[in-house]
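Note that the structure is a prediction, hence the values are computed from the model and not measured.
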Amino acid sequence: MDRTGPRTGRPTLPGPATELVTLPSGVRVERLVTGSGDPVTVFAHGLAGDVSGTRPLGSAVTGRRVFFHFRGHGRSDAPPGPWSFADLAADLDAVADLTGATRAVGVSMGAAALCRSIAEAPGRFERVVLYLPAALDGSRPAASEQRLDRLLASVESGEAAMIAAAVEQDIPPSVRDTPAGWSFLRQRVEQLQQDGLAAEIASVWSAPALTEESRLADFPGQALVIGCLGDEVHPVSWAERIAALLPEAELEVYDRPAVLWNNRTALRERISEFLNR
């Protein structure tokens with residue numbers, strides 16, 4: 001089977017123009033700002049994710065929406081490792097500070113970095129969304145480790161077919177051979193071939209995102225924690241644990257994995273309803 005997809009049809013459309021901004025740490029990150037006015041919401045993607053993957057989460061969120069690539073992703077810098085969740089939280093905080101963001105959405109690894117941020121500076125954000133949060137104790141399921149190893153090897157090879165085979169594992173079987181599935185696959189393969197993925201990202205899990213999880217109890221804002229059943233990379237118990245630690249948290253649990261594929265409309269409405277209050 002040709003994993004690169006059909007050889008005919010329209011080419012992938014170019015994404016919106018992004019910019020490189022230099023953070024106080026000296027690290028340059030790739031950023032995209034959409035919308036206008038206040039409030040400002042910053043979106044932090046997951047491991048090996050990208051801006052295009054977080055944009056659907058903010059499609060109905062009012063105000064300005066700030067999307068960025070963590071170090072080692074997209075066109076952002078990849079400074080010498082090892083890296084830590086402290087570094088990721090610093091990237092997130094700096095991007096938020098540059099735009100005056102008072103709200104934040106974190107996905108998986110980005111959610112763990114966001115937890116680190118609100119634990120260290122409880123008053124930084126008024127509202128946060130933690131979507132499929134990664135564990136805060138530094139642990140990772142075997143499926144997550146295997147996914148990253150496979151993806152890093154494929155990117156290192158530079159071969160489109162190998163990258164496509166790795167990326168395809170993130171697409172539910174029911175949509176892999178649909179126009180939406182092929183569009184996603186083409187976009188991701190082109191982005192990873194062009195920008196790569198820094199191997200140093202694996203070093204982030206050498207230490208916990210947060211050693212004292214009880215510090216989350218100091219967060220005075222509102223939180224929405226989203227988990228789902230049957231996700232071997234993001235066990236629902238992690239979302240439940242974090243929601244229980246946050247004083248003002250709402251917990252939303254979907255009944256099957258691949259939420260962004262299977263419950264896209266409901267997910268976007270839930271996030272926008274929470275943030276637009």
Heavy-atom donor-acceptor pair, [X] side chain to [Y] backbone, under 3.5 Å:
X: D50; Y: G74; value: no
X: S144; Y: P141; value: no
X: T41; Y: R65; value: no
X: N276; Y: A60; value: yes
X: H45; Y: F70; value: yes
X: D77; Y: V27; value: no
X: S183; Y: P179; value: no
X: H69; Y: V51; value: yes
X: S108; Y: A134; value: no
X: D231; Y: H234; value: yes

(request) Go through the steps to decide whether L151 and V167 satisfy the test side-chain contact (heavy atoms from CB on, under 4.5 Å), and finish with yes or no. (result) CA-CA 7 Å; L151 191 57; V167 171; 4.1 Å; yes
Applying a strict under-4.5 Å side-chain criterion to I, L, V, M, F, W and Y, I'd like to know whether [X] and [Y] cluster together.
X: W238; Y: L245; value: no
X: V107; Y: L267; value: yes
X: V95; Y: I118; value: yes
X: L20; Y: V66; value: no
X: L136; Y: L88; value: yes

Rounded to the nearest 0.5 Å, what's the gap from [atom1] on [X] to [atom2] on [Y]? Could you check?
X: I226; Y: L251; atom1: CD1; atom2: CG; result: 9.5 Å
X: D91; Y: S76; atom1: CG; atom2: OG; result: 8.0 Å
X: M109; Y: W205; atom1: CE; atom2: CH2; result: 5.5 Å
X: R55; Y: L57; atom1: CZ; atom2: CG; result: 11.5 Å
X: R64; Y: T99; atom1: CZ; atom2: OG1; result: 6.5 Å
X: E168; Y: S154; atom1: CD; atom2: OG; result: 12.0 Å

Salt-bridged, [X] to [Y], with N to O below 4.0 Å?
X: E120; Y: R116; value: yes
X: R75; Y: D195; value: no
X: E232; Y: R147; value: no

(message) Counting only heavy atoms from other residues, nucleotides and ligands, does the tally under 6.0 Å from CZ of R241 exceed 12?
(response) no
(message) Tell me whether the count of non-hydrogen atoms from other residues, nucleotides or ligands lying under 6.0 Å of CD in E156 goes above 12.
(response) no
With a 4.5 Å limit on heavy-atom distance, are the side chains of [X] and [Y] in contact?
X: L23; Y: D97; answer: no
X: H73; Y: F68; answer: no
X: L210; Y: F85; answer: no
X: R188; Y: D170; answer: no
X: V225; Y: Y131; answer: no
X: S84; Y: S206; answer: no
X: P39; Y: E126; answer: no
X: L92; Y: L114; answer: yes

Work out which heavy atom in [X] is nearest to a heavy atom in [Y]; give both atom names and the distance.
X: A199; Y: L152; value: CA-CD2, 3.9 Å
X: L197; Y: L192; value: CB-CD2, 4.3 Å
X: S117; Y: R124; value: OG-CD, 3.5 Å
X: W83; Y: P80; value: NE1-O, 3.5 Å
X: P257; Y: G230; value: CG-O, 3.6 Å
X: I271; Y: V61; value: CG2-CG2, 4.4 Å

(request) Decide side-chain contact (heavy atoms from CB on, under 4.5 Å) for N262 and Y254; before the verdict, give the C-alpha distance in whole Å, the side-chain angles of both, and the deciding distance to 0.1 Å. (result) CA-CA 10 Å; N262 294 320; Y254 290 87; over 6 Å; no
(request) Could you walk me through whether V175 and F184 pass the side-chain contact (heavy atoms from CB on, under 4.5 Å) test, one step at a time? (result) CA-CA 10 Å; V175 296; F184 172 82; over 6 Å; no
(message) Assess the residue pair L130 and I242 against the criterion (side-chain contact (heavy atoms from CB on, under 4.5 Å)); give the C-alpha distance rounded to whole Å, side-chain angles, the decisive distance to 0.1 Å, and a yes or no.
(response) CA-CA 9 Å; L130 305 169; I242 291 173; 3.7 Å; yes
(request) Answer yes if the side chains of Q187 and S52 hold a donor-acceptor pair under 3.5 Å, and no otherwise. (result)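 There is such a pair (donor and acceptor under 3.5 Å, judged by atom type) between the side chains of Q187 and S52.
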(message) Whether R127 engages the ring of F274 as a cation-pi pair (distance to the six-membered ring centre under 6.0 angstrom, angle to the ring normal within 45°) should be assessed.
(response) yes
